[in-house]
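All heavy atoms count here, side chains included; hydrogens, waters and symmetry mates do not.
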Amino acid sequence: MTESLDSERMACWRAYIESSQRLFTQLEDDLRADSELSFADYHVLVLLSEAPGQRLRMGELAGRLVFSPSRLTYQITSMCKRGLVAKQSCAEDGRGSEAVLTAAGLLALREAAPHHLRSVRSHLMDDLDDAEVACLTRVFDRLGRRLRADRDASATRNE
């Protein structure tokens, strides 16, 4: 019983990873064609647009992204050169640095968002077959149960 469950889990995760890689490649291609932003650029701009004062400490930004510190430094430097973000010392204490959304970055985000949302919808609707949809549904259902259990356990410990 355990072996079949483990093999199902592995097959499910493998399908999830393959589907995700294919979808992200397609989304990246669509986003670049419509706005000249990479998916990473778009993600950084979204995070900054949602942050108070449209700025985030580099450490906090790194925590919300899946970049290594060197990749984040490269990403921010590249975006600074294109005028999408600015890098400043932290306003609160002057220690460290933070990324700040510029007017050009906000404009690029506003122009790219409708194209990106349409692309996500079309790829999710058109490019996943029934088996992938079923697999992803199982993965997210399990993940949701696990996250709820972890949150409940954490709340119980904190009481």
Side-chain angles (χ1 to χ4, degrees), residues 13-128 132-133 135-137 139-155 157-158:
W13 279 109
R14 192 174 305 111
Y16 168 72
I17 290 166
E18 290 168 0
S19 301
S20 297
Q21 287 173 334
R22 186 167 41 81
L23 285 172
F24 281 122
T25 299
Q26 292 167 335
L27 293 173
E28 175 88 15
D29 292 345
D30 290 353
L31 192 59
R32 279 193 191 275
D34 289 331
S35 67
E36 299 183 6
L37 292 177
S38 70
F39 198 75
D41 293 338
Y42 184 81
H43 196 179
V44 168
L45 293 175
V46 167
L47 289 174
L48 290 175
S49 72
E50 295 171 347
Q54 297 183 332
R55 58 181 58 233
L56 282 172
R57 285 181 180 268
M58 294 298 283
E60 189 176 352
L61 189 56
R64 295 181 185 196
L65 296 165
V66 291
F67 293 158
S68 66
S70 60
R71 173 72 175 126
L72 179 61
T73 300
Y74 171 80
Q75 185 70 37
I76 295 298
T77 301
S78 168
M79 293 177 76
C80 284
K81 288 178 183 174
R82 292 180 287 147
L84 301 173
V85 299
K87 191 173 174 182
Q88 300 173 350
S89 62
C90 291
E92 293 174 9
D93 56 15
R95 293 176 31 210
S97 58
E98 56 191 5
V100 180
L101 184 64
T102 63
L106 186 57
L107 180 62
L109 178 61
R110 285 184 180 152
E111 289 175 353
H115 300 289
H116 177 63
L117 294 175
R118 186 172 53 252
S119 176
V120 168
R121 266 190 233 104
S122 69
H123 287 304
L124 287 176
M125 300 283 288
D126 300 338
D127 294 331
L128 291 179
E132 289 174 317
V133 170
C135 172
L136 292 174
T137 301
V139 167
F140 287 117
D141 184 49
R142 286 182 183 143
L143 181 60
R145 284 195 308 264
R146 175 69 187 267
L147 290 173
R148 284 189 295 277
D150 288 350
R151 185 178 56 220
D152 294 344
S154 176
R157 281 192 303 265
N158 292 335

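- With rounding to the nearest 0.5 Å, the separation of CG in Leu101 from CG in Leu84 is 8.5 Å.
- Between Leu72 and Met58, some side-chain heavy-atom pair lies under the 4.5 Å cut-off.
- For Arg82, the salt bridge (Lys or Arg N to Asp or Glu O under 4.0 Å) partners two or more places apart in sequence, or in a different chain, are Asp41.
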Going through the checks in order, is the side-chain contact (heavy atoms from CB on, under 4.5 Å) test met by Gln54 and Val100? CA-CA 6 Å; Gln54 297 183 332; Val100 180; 5.8 Å; no
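- Taking every heavy atom of both residues into account, Leu56 and Leu47 meet most closely at CD1-O, 4.0 Å.
- A distance of 10.5 Å separates CG of Leu106 from CG of Leu48, quoted to the nearest 0.5 Å.
- Without hydrogens or angle criteria, Thr77 side chain to Thr73 main chain gives a donor-acceptor distance under 3.5 Å.
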Run Glu98 and Arg55 through salt bridge (charged side-chain N to carboxylate O under 4.0 Å, His left out) and show every step you take. CA-CA 6 Å; Glu98 56 191 5; Arg55 58 181 58 233; 2.5 Å; yes
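- Of all heavy-atom pairs between Thr102 and Gly83, the closest is OG1-O, 2.6 Å.
- Considering every non-hydrogen atom in both Leu37 and Ala108, the closest pair reads CD1-O, 3.9 Å.
- Atom CD of Glu50 and atom CG of Leu109 lie 9.0 Å apart (nearest 0.5 Å).
- Scanning both residues, Ser38 and Gln75, for their nearest heavy atoms gives OG-NE2, 4.0 Å.
- Counting only heavy atoms from C-beta outward, the side chains of His43 and Leu65 approach each other to under 4.5 Å.
- Taking every heavy atom of both residues into account, Leu45 and Gly105 meet most closely at CD1-O, 3.8 Å.
- The backbone N or O of Ser97 sits nowhere less than 3.5 Å from a side-chain atom of Ser89 that would complete a donor-acceptor pair.
- Separating the CZ atom in Phe39 from the CG atom in Asp29 is a distance of 12.0 Å, to the nearest 0.5 Å.
- With sequence neighbours excluded, the residues satisfying side-chain hydrogen bond (donor to acceptor under 3.5 Å, both in side chains) with Glu60 are Arg64.
- Within 6.0 Å of atom CZ in Arg71, more than 12 heavy atoms from other residues, nucleotides or ligands are found, so the atom counts as buried in its surroundings.
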